[in-house]
Amino acid sequence: MTDQRPTTNNVGIPVGSDNDSLTLGANGPILLQDHYLIEKNAQFNRERVPERVVHAKGGGAFGFLEVTEDVSQFTKAAVFQPGTRTESLIRFSSVAGESGSPDTWRDPRGFAVKFYTSQGNYDLVGNNTPVFFIRDPIKFPDFIRSQKRRADNHLRDADMQWDFWTLRPESAHQVTWLMGDRGIPSNWREMNGYGSHTYLWENAGGEKFWVKYHFKTDQGIGYLAQADADKLAGDDADHYIRDLFTSIKSGNHPSWTLHVQVMPYEDAADYRFNPFDLTKVWPHGDYPLIKVGRYVLDRNPENYFAQIEQAAFEPSNLVAGIGPSPDKMLQGRLFAYPDAHRYRIGANYTQLPVNAAKSPVNSYAKDGAMRYSNPADPVYAPNSYGGPHADAAYASETVSTYGIEDEVIRSAYKLHSEDDDWGQPGTLVREVMDDAQRERLAANIVGHASADVSAPVLERVIQYWRNVDKNLGDKVATGLNG
Ligand code: NDP
């Protein structure tokens, strides 16, 4: 049936035509008084917000976390109490490509989760890998520029990527992941998610623990070989978005089992790896996985722009019982994410429905661009007129005092006994991968580093992989020189 409602302009005034602009005679110039024409085109010119400088291409869905186990001995956070079910939003993404780039480019994938908890929003902004390329945020802009496009021809450039990686050996663990099978997941459902950083948990008795999060896919791990990914990049650049959307739409709801690793607070000082270094994992043998609950996605967005493009995740959204660790990358991200949202979607981005808390918001924040709900007087604190007041008894902010007796310096992490850049990627290659996986890893590296990489950088590439694993390095050398 035809919709009987008249089309209106943006303030509800019915409009006469979506066919013809108002002109002076059929062949005459368009009149400036055609307000609707101007509104329509002006609005169109402003439809885009700046795309994210990283993680631009993505998709997402809604769902819930259900806590099936009891981890209350480690945290008092309401979201992790036994039996609690919390509504959630997730956004998956790739990192380096632009918003129209193919989903199947080799890249880490974002795994950003927002929990609408009874204590305010808690965001866990992770990836599908437990580690990262660098361990200090001062290197982040350089790292990302090396993975994006050249200044001269606007092309991505393998020489630039390998130049950076080989000059920063701390990248070896993450690059081993990236070049391995899991560097191109078959879709977002068939990959794990990791909080990656170390966080602080605090229980009701004030006891503190270090924690790492692992979302293990219940669908099983799936990955694409390079050739299949290359083909899909042409056949269906939006393969991941389509897979997630159609799967949820057909009632096939993907799920993950959430686990944590918990380290006693005191262990951090003497553990064999610096536990705050984002290029390191905590081997499961040292800190086994402890099950927490079930994470399920059961609802597609109704509007991609409003609910996914405007979604704003920030590692600084931490609720009582959960705090930051001294992980330098995490510390950098606490600032970077809200800063990016203010630039990208405006100062009042937390009022957008997808970002708004579902628990009461009693903030004194007011005014600014696109503000639509303001606090009533009084608009300052403290006040004598009955406004909300900050109270430590409610907030009980979880903070780390770890290491604050130190002087204020610029320094690399304190090295623990087994800290180096090659050990853990070497273990991954020798002890976790099988022969076939090692062959594919070597082939992926050779394939990636063959294109346009200059001779001095190539020499470093070979040495880099010999440092990770002698046999792997030799294979890469044969493949590249071959
Ligand atoms: P474990 O043998 O206890 O665990 C190995 C881990 O490696 C499992 O989590 C497994 O994930 C994952 N894995 C299997 N195949 C690959 C692959 N091709 N690429 C990347 N990861 C893979 O070992 P440790 O905990 O002692 O760690 C050994 C190495 O395993 C580390 O250096 C690290 O690179 C990697 N790893 C470790 C993790 C940790 O948090 N300890 C997490 C993930 C990887 P799954 O069970 O889902 O198949």
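Counting starts at 1 for both ligands and their atoms, following the listed order.
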Is a salt bridge present between [X] and [Y], judged by a nitrogen-to-oxygen distance below 4.0 Å?
{"X": "Asp277", "Y": "Lys280", "result": "yes"}
{"X": "Lys470", "Y": "Asp474", "result": "yes"}
{"X": "Asp157", "Y": "Arg149", "result": "no"}
{"X": "Lys57", "Y": "Glu51", "result": "no"}

Taking atom types as modelled, find out whether [X] and [Y] have a side-chain donor-acceptor pair closer than 3.5 angstrom.
{"X": "Trp162", "Y": "His448", "value": "yes"}
{"X": "Asp298", "Y": "His253", "value": "no"}
{"X": "Thr350", "Y": "Asn355", "value": "no"}
{"X": "Arg342", "Y": "Tyr337", "value": "no"}

Residue, atom name and distance, where the atom is the protein heavy atom closest to [atom]:
{"atom": "atom 26 (O) of ligand 1", "value": "Pro283 CB, 3.4 Å"}
{"atom": "atom 40 (O) of ligand 1", "value": "His214 CE1, 3.1 Å"}
{"atom": "atom 44 (C) of ligand 1", "value": "Trp177 CZ2, 3.3 Å"}
{"atom": "atom 31 (C) of ligand 1", "value": "Val281 CG2, 3.8 Å"}
{"atom": "atom 2 (O) of ligand 1", "value": "Val432 CG2, 4.5 Å"}
{"atom": "atom 47 (O) of ligand 1", "value": "Asn192 ND2, 2.9 Å"}
{"atom": "atom 32 (O) of ligand 1", "value": "Gln424 O, 3.2 Å"}
{"atom": "atom 9 (O) of ligand 1", "value": "His284 CE1, 3.2 Å"}

Sub-4.0 Å heavy-atom contact, Tyr287 with ligand 1: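 The answer is no: ligand 1 sits nowhere under 4.0 Å from a heavy atom of Tyr287.
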
Could you list which atoms of ligand 1 come closer than 4.0 Å to a heavy atom of [X]?
{"X": "Gln437", "value": "18 (N)"}
{"X": "Pro130", "value": "42 (C), 43 (C)"}
{"X": "Lys216", "value": "9 (O), 11 (O), 45 (P), 46 (O), 47 (O)"}
{"X": "Leu428", "value": "19 (N), 20 (C), 21 (N), 30 (O), 34 (O), 35 (C)"}
{"X": "His173", "value": "31 (C), 32 (O), 33 (C), 34 (O)"}

N or O contact, Asp181 vs ligand 1, cut-off under 3.5 Å: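 No, there is no polar N/O contact under 3.5 Å.
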
Asp452: partners by side-chain contact (heavy atoms from CB on, under 4.5 Å), with sequence neighbours left out: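 Not a single residue meets the side-chain contact (heavy atoms from CB on, under 4.5 Å) criterion with Asp452.
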
The one among Arg182, Glu431, His259 that brings a heavy atom closest to atom 22 (C) of ligand 1: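 That would be Arg182.
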
Nearest-option assignment for atom 41 (N) of ligand 1, heavy atoms, candidates Phe273, Trp282, Tyr223: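 Residue with the shortest heavy-atom distance to the ligand atom: Trp282.
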
Mutual orientation of the aromatic rings belonging to Trp210 and Tyr265 [parallel < 30°, tilted 30-60°, perpendicular > 60°]: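 Trp210 vs Tyr265 ring planes: parallel.
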
